[in-house]
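Worth saying up front: this structure is predicted, and the values here are computed from it rather than measured. Lettering follows sequence order; numbering is per chain, from 1.
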Amino acid sequence: MLSQTSETIHGHADVNDMYCSCERALRPDLHKTPLVVLSNNDGCVIAQTKDIKDLGIEMAQPWFEVEERARARGVVAFSSNYELYANFSNRFADTLREFTPRIEVYSIDECFLDLTGIKGDLNAYGQLIKQTVREWTTLPICIGIGHSKTLAKLANKVAKKRPQFQGVCDFTSMSRAELDTLLETVDVRSVWGVGHQYEARLAKLGVLNALRLKRASPKRVRDEFGVVLERTVRELNGESLLELTETVEPSKQVMSSRSFGERVTTLSGLTEAISMHAGIASARLREQGLYANAVHCFIQNSPFDKKPPYAPGLTVALPSPTNSTLKITNAALYILKKIYGPRVYYQKAGVMLLDLVPEQGRQLDMYGYSDDDSKSDALMKALDRINGRYGRSTLRVASEGIKPAWTMRRAFKSPNYTGNPSEFPTIGERFNL
DNA sequence: TCTGGGGTCCTAGGACCC
DNA sequence: TCTGGGGTCCTAGGACCC
């Protein structure tokens with residue numbers, strides 16, 4: 001008789017208040033201070049420590065609405081510092097790899113782990129992982145374990161919210177009755193794949209908690225909501241339908257866009273911004289070894305400016321696939337001239353690269369791979385090397401300008417301790433001497 | 001004054017074909 | 001004037017995620 005192979009077991013590890021925890025890692029003096037991290041332009045609150053929630057500050061709330069209240073209560077704000085967070089993210093994932101060879105880096109602060117076949121007490125194993133990450137990286141994490149990714153993620157939310165689990169919640173060790181009793185106390189909105197639109201529609205059908213969704217008829221859910229939510233229902237029932245994806249699929253599109261620190265009305269201002277975005281997007285393309293067949297460029301005014309919405313954009317096909325900053329910038333600026341209208345207070349602009357192909361797959365134009373291309377490749381390699389070493393915009397296209405007025409606000413950025421040597425702290429700063 | 005920046009997947013509907 | 005059925009491909013828009 002064949003022995004039954006063990007059922008799939010998924011783990012999900014997720015850093016608590018990731019951005020705040022990274023800021024705290026380098027500022028031990030702030031370990032007890034309530035923190036918030038702000039979005040680009042210091043616009044919205046995008047991360048906060050737990051104690052902030054008691055002050056009535058919500059995620060995604062505009063900072064200007066709450067700044068005064070927060071400051072009065074001793075809250076410290078940081079502008080987002082993605083270089084720092086990416087660095088800690090890598091350390092986090094590397095630590096997890098010590099415990100299982102198969103992990104999926106799902107986002108900057110989350111990983112799925114394949115725990116299938118791990119012998120012994122999974123709860124204890126989870127605790128060990130959690131403590132090791134804490135010791136090696138200083139980051140606090142929680143771990144959820146379940147028979148599907150959806151269940152593992154849900155278990156993690158439970159572990160985060162309910163102190164009795166001490167940061168690790170294993171659904172697979174619970175009896176069905178125990179699990180169902182617990183799921184009945186979990187909001188349906190906590191389930192991965194249920195956003196606020198679905199939450200509202202589910203509420204009308206009386207589906208308010210995770211247990212009700214688990215018990216919904218897959219067929220009916222498919223008819224009313226589509227195949228995605230049907231899959232969620234089946235995953236809640238322990239079917240593992242979403243596989244661990246260890247390798248990162250190449251991007252299908254690459255975008256760079258940003259709101260301005262202040263409104264821009266002139267073509268020359270937009271030219272600088274679009275040049276910058278074309279440069280960033282092209283560099284990301286080269287990082288992934290991809291080539292673009294089309295460029296999309298857009299500019300828009302603000303939905304908050306009480307003016308009619310104005311958001312022109314246009315896509316052009318490139319004569320042959322390219323990842324050259326120069327060619328992509330030219331295409332983007334060509335579009336910009338076509339779509340620009342005067343007397344508009346532009347708030348945001350961006351460049352999107354589309355129809356991406358890997359190097360092997362790219363079709364050459366009728367002239368094939370020309371001398372021009374190899375010169376361009378060499379130039380781009382040199383540019384990436386210099387910018388990789390000395391910072392993103394050390395070497396750039398002249399149309400980007402020198403120090404434009406519209407650059408985003410990052411008034412509270414922490415120094416780039418892990419990246420740029422010129423921002424390393426001196427011994428005195430580090431220890432408050 | 002001040003309101004983020006990326007992505008993915010699915011579906012419906014139109015254009016076009018025979 | 002009327003006018004079928006089945007297929008593909010593309011795009012826009014809507015939902016979700018972090």
Tell me: [atom1] of [X] to [atom2] of [N], nearest whole Å?
| X | N | atom1 | atom2 | result |
| --- | --- | --- | --- | --- |
| A/Leu242 | C/dC17 | CG | P | 13 Å |
| A/Gln347 | B/dT3 | CD | P | 6 Å |
| A/His196 | C/dA15 | NE2 | P | 9 Å |
| A/Phe304 | B/dC2 | CZ | C1' | 11 Å |
| A/Asp109 | C/dC17 | CG | P | 14 Å |

Taking any heavy-atom pair under 4.0 Å as a contact, classify [X]: base, sugar-phosphate, or nothing.
| X | value |
| --- | --- |
| A/Arg284 | sugar-phosphate |
| A/Gln61 | nothing |
| A/Arg263 | sugar-phosphate |
| A/Asp42 | nothing |
| A/Ser256 | sugar-phosphate |

Looking only at side-chain atoms of [X], point me to the closest of [options].
| X | options | answer |
| --- | --- | --- |
| A/Tyr106 | C/dC17, B/dT3, B/dG5 | C/dC17 |
| A/Val227 | B/dT3, B/dC10, C/dC17 | B/dC10 |
| A/Arg231 | B/dT8, B/dC10, B/dC2 | B/dC10 |
| A/Tyr198 | C/dA15, C/dC17, B/dT3 | C/dA15 |

Just list the side-chain donor-acceptor pairs under 3.5 Å for residues 344-351 of chain A, sequence neighbours left out, or say none.
{"from": "A/Tyr346", "atom 1": "OH", "to": "A/Gly341", "atom 2": "N", "distance (Å)": "3.1"}
{"from": "A/Tyr346", "atom 1": "OH", "to": "A/Gly341", "atom 2": "O", "distance (Å)": "2.7"}

is_close_aromatic(A/Trp136, A/Phe99), centroid dist under 6.0 Å: no
Look at A/Lys252 and B/dC9 and indicate whether a side-chain polar atom (N or O) is within less than 4.0 Å of OP1 or OP2. yes
Checking side-chain hydrogen bond (donor to acceptor under 3.5 Å, both in side chains) between A/Arg286 and each of A/Asn323, A/Thr325, A/Asp377, which is the one that passes? A/Thr325
Has A/Arg162 got more than 12 heavy atoms of other residues, nucleotides or ligands less than 6.0 Å from its CZ? yes
All stems with DNA chain C, defined as three or more consecutive Watson-Crick or G-U pairs under 3.5 Å: B:5-18 with C:5-18
